[in-house]
Novice: 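Below is the structure I would like to discuss, written out as structure tokens.
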Amino acid sequence: MDWKSVPLGDGEVAIDMGEEDWQGFGGLEECTQYTLMKPSELKKNEETGSKEKIHALTIPSAIRDHKDILGAAETGSGKTLAFAIPIIHGILQEKLNSEGLIDGDNKLEALILTPTRELALQVRNHIVAAAKYTDIKILVNNEAIDNRAAYFIYHTYIKTKSPESFTKDFLALVYLVGFVIGGLSQEKQERLLKKRPQIIVATPGRLWELMERVTSYLQNIESVRYLVIDEADRMVEKGHFQELHRILERLNASIARRQTFVFSATLTLVHAPPSRLKSMKAWTKTSDNKLANLMKTIKMNGKPKVVDLTRKLGTAEMLSEARILCGKEEKDMYLYYFLVKHPGRTLVFCNSIDCVRHLKGVFDQLQCQPLWLHASMLQKQRLKNLEKFSSKPQGLLLATDVAARGLDIPGIQHVLHYQVPRTSESYIHRSGRTARAAKEGLSVILMDPSEVSAYRKLCFTLNREADLPVFPIDAELMPSIQDRVKLAQQLALEMHRLEKKSADSKWFEKAAKELDLALSDSDFSRSSDSDDEDKKDEQQEKSKLVGQLRSRLNQLLSQPIAPRRQMGITKYPTRSGKLDLPSVQNEQTALEALQEEKQEPESLKFLRKVKSGKVKKQKQKKLKRRK
Ligand SMILES: Nc1ncnc2c1ncn2[C@@H]1O[C@H](COP(=O)(O)OP(=O)(O)OP(=O)(O)O)[C@@H](O)[C@H]1O
């Protein structure tokens, strides 16, 4: 079948596996009960979703038919194993054919390229720990390991070997997965390459540097048997990853033996034609063209197998979506509201590093212990923050799009978009950090009036027929929330000014010391004496202000958040000396609150708005506008 003629779209499979395909796939029958399921079984079992479908549709063709694979499937559906299993299998199979593992004489077999360093590390860990997904125990050195992927490979192909020797080979292989990423010591990575890893997971920039420097192990890189371009649509985008194109130029010199895997959740996503183009025919950006261009750049052997399991809506099936409408300057308030009202592991995306910095400053003051992640941070700190975030059940991570693709952090309940993302791809990938592996998740966009047209464009590209539902807000709490957030913003600003001043004066002192030879002592002291005094006074004033703001904020933060009128009624502390107010956190999760809002009849919604004074305010606004 010609891949071009294959219909793509809503849950449709480009080239489906028929029953006969599975029958020809030796040994699979036996292990489907443990690992991968047949398409017919998947249809029966709604619960499994498309998570394992991507495996069922790609792995047999990759292993049995040695097909190149172009795979599009929703975020969190398990695309990593869809290329990892065939690669591991292929390498082990070759070892089997050549009588086992020859220590110390390995050659580079597989190259996996990812757009970010964090993702490279994760893919590497994923391959090493493919061991996790099984209820079958294999004993190695008296240690029990769970190894679903290994079991799959073992039972399907390597039956001739004993489980013990297979496991030994498998483990030897997974320890030989190296990773090459920027931001970490180049020397260390060169040392790692000396161990001759058979699989390298890398970001293009650092790999290219090493290809230019380390000649020995990477000199035959063009003969790799497996090439993976993960998040391929992003990787080949114009203006990004220049090194990838250089690497591909070298790799594409000989592709006869190579098997190529190209994956992404947005591989086939295309943008709607601009309104000035009246006919769709004039619009050349179709899924087919996008895939054709990818194939031209990456180069494939013959006709690849194309699998598209993405939905028309682009996002993952288990994702619930909503939006919060607010003014630009109210966003911090609504974000804080969401965090205190619906605690849970939350990832907040911003469109710029400055915005991440701003939020870090404010939410630090609000004692939310935010972690942050952006491209200008030191790599070690980036990894540390991700680790901390993964270990805190109610962790808060503020990030740019560097965390949007591929990261598989378990248990992220909420993704909040502080701004409407710049592209639909970005929205899909950001939102895809939650609702992974058939679990539920929620994505909420905070949008201000200036973002309406970007939001409309997003809805149009993602085929939304209706607006995203509005996330329910308990307006009665907003005044108390506002008090805290305003103070925190002021405090963050003053702190920033203070730190900047002291950094400036340190810089000045340092520069003055360095200039000591050029400036005469008298010149230097005359020009700085009075200035110094003024600066000292100013600093002291600022420090005092910061102290006052902090103590006022701490006092507010020590009390539970409650509607202001309640705060008024409960004027006197209870005998314990504490205000006895109900906690703002309710039993309801954010997802439940959204579901309830969707089901609530309009009449009740109206009543609620009247009660909270929202309707009155809206009427006043209308009147004002008329005047
Ligand atoms: N067969 C399986 N059974 C259970 N869990 C699985 C299976 N395959 C993958 N997973 C788990 O599903 C999660 C998502 O997998 P993975 O990161 O590969 O998704 P992805 O499709 O690459 O997502 P993204 O598009 O965001 O990169 C991982 O935690 C992985 O361990």
Side-chain angles (χ1 to χ4, degrees), residues 28 31-38 41-42 45 47-59 69 71-88 112-116 118-136 146-153 201 228-235 261-269 307-311 314-319 347 349 386 390 401-412 415 425-441 443:
L28 189 73
C31 66
T32 45
Q33 48 184 314
Y34 300 110
T35 54
L36 311 169
M37 292 187 181
K38 293 188 214 170
E41 283 170 343
L42 280 161
N45 188 354
E47 254 180 34
T48 46
S50 64
K51 182 173 81 246
E52 291 161 356
K53 214 169 172 182
I54 185 71
H55 300 162
L57 289 167
T58 54
I59 294 175
I69 306 285
E74 65 180 44
T75 49
S77 57
K79 293 185 286 294
T80 314
L81 280 183
F83 60 77
I85 290 178
I87 292 176
I88 296 170
I112 301 170
L113 295 171
T114 70
T116 65
E118 287 76 12
L119 187 52
L121 202 57
Q122 179 185 298
V123 168
R124 184 250 187 198
N125 291 344
H126 218 110
I127 296 175
V128 174
K132 242 169 142 184
Y133 303 103
T134 185
D135 38 26
I136 299 143
D146 289 339
N147 199 328
R148 187 166 170 161
Y151 185 82
F152 167 75
I153 298 161
V201 190
V228 179
I229 313 282
D230 201 9
E231 307 296 347
D233 53 332
R234 171 81 181 143
M235 296 280 270
F261 297 85
V262 170
F263 281 94
S264 173
T266 44
L267 206 59
T268 51
L269 179 88
V307 173
D308 184 3
L309 292 167
T310 52
R311 301 187 312 145
T315 44
E317 205 172 336
M318 297 303 284
L319 182 80
L347 175 49
F349 280 104
L386 266 185
S390 311
D401 276 338
V402 76
R405 285 193 182 236
L407 291 189
D408 184 52
I409 300 165
I412 295 184
V415 166
E425 282 87 349
S426 177
Y427 177 73
I428 292 172
H429 289 282
R430 284 174 173 192
S431 305
R433 296 318 99 213
T434 183
R436 299 176 70 72
K439 293 204 179 70
E440 286 193 320
S443 152

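In this text, all values refer to a predicted model and were calculated from it rather than measured experimentally. Both counts, for ligands and for their atoms, begin at 1 and track the order of listing.
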Novice: Is G76 in contact with ligand 1, taking contact as a heavy-atom separation below 4.0 Å?
Specialist: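 G76: in contact with ligand 1 (<4.0 Å).
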Novice: Counting from 1, what ligand 1 atoms have a heavy atom of S77 closer than 4.0 Å?
Specialist: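 In order of numbering, the contacting atoms are 19 (O), 20 (P), 21 (O).
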Novice: E231 heavy atoms, cut-off 4.0 Å: which ligand 1 atoms fall inside?
Specialist: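 Heavy-atom distances to E231 below 4.0 Å select 27 (O).
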Novice: Give the numbers and elements of all ligand 1 atoms closer than 4.0 Å to a heavy atom of L81.
Specialist: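 With L81 as reference, the close atoms of ligand 1 come out as 8 (N).
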Novice: Any chance you could measure T80, atom OG1, to I54, atom CD1, to the nearest 0.5 Å?
Specialist: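 T80 atom OG1 to I54 atom CD1 measures 10.5 Å (nearest 0.5 Å).
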Novice: Can you list the residues that meet the side chain to side chain donor-acceptor pair (under 3.5 Å) rule with S431, with sequence neighbours excluded?
Specialist: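 For S431, the residues satisfying side chain to side chain donor-acceptor pair (under 3.5 Å) (neighbours in sequence not counted) are H417, S443.
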Novice: Do V123 and D230 have side-chain heavy atoms sitting under 4.5 Å apart?
Specialist: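 The answer is yes; the side chains approach within 4.5 Å.
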Novice: Could you tell me if the side chain of T315 sits less than 4.5 Å from the side chain of Y427, heavy atoms only?
Specialist: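 Yes, side chains in contact.
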Novice: For ligand 1, which atoms sit closer than 4.0 Å to a heavy atom of A437?
Specialist: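 Listed by number with element: 12 (O), 13 (C).
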Novice: Check whether Q122 reaches the backbone of G406 with its side chain - one donor and one acceptor, N or O, closer than 3.5 Å.
Specialist: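 Pair found, side chain donor or acceptor close to backbone of G406.
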Novice: Would E74 count as a contact residue for ligand 1, given that I'm defining contact as a non-hydrogen atom of the residue lying under 4.0 Å from a ligand atom?
Specialist: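 Yes; E74 lies near enough to ligand 1 that a heavy-atom distance drops under 4.0 Å.
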Novice: Can a donor-acceptor pair be found, under 3.5 Å and without considering hydrogens, that links the side chain of R433 to the backbone of L407?
Specialist: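 Checking the backbone N and O of L407 against the side chain of R433, a donor-acceptor pair under 3.5 Å is found.
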Novice: Can you list the residues that meet the side chain to side chain donor-acceptor pair (under 3.5 Å) rule with T266, with sequence neighbours excluded?
Specialist: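 So T266 forms a side chain to side chain donor-acceptor pair (under 3.5 Å) with D233, S264, H429.
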Novice: Can you list the ligand 1 atoms lying under 4.0 Å from a non-hydrogen atom of R436?
Specialist: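 Within the 4.0 Å cut-off of R436, ligand 1 contributes 14 (C), 16 (P), 17 (O), 19 (O), 20 (P), 23 (O), 24 (P), 26 (O).
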Novice: Counting from 1, what ligand 1 atoms have a heavy atom of R433 closer than 4.0 Å?
Specialist: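 With R433 as reference, the close atoms of ligand 1 come out as 26 (O).
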Novice: Please answer whether the main-chain N or O of E74 pairs with a side-chain N or O of K79 as donor and acceptor at a distance below 3.5 Å.
Specialist: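 Confirmed, K79 side chain pairs with E74 backbone.
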Novice: Going by the order shown, which atoms of ligand 1 are within less than 4.0 Å of some heavy atom of G78?
Specialist: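 Near G78, meaning under 4.0 Å from one of its heavy atoms, ligand 1 has 9 (C), 15 (O), 16 (P), 18 (O), 19 (O), 20 (P), 21 (O).
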Novice: Which of the listed options, K79, H55, Q122, holds the heavy atom that is closest to atom 21 (O) of ligand 1?
Specialist: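 Among K79, H55, Q122, the closest heavy atom to atom 21 (O) of ligand 1 comes from K79.
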Novice: Just which atoms of ligand 1 are under 4.0 Å from any heavy atom in T80?
Specialist: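 In order of numbering, the contacting atoms are 16 (P), 17 (O), 18 (O), 22 (O).
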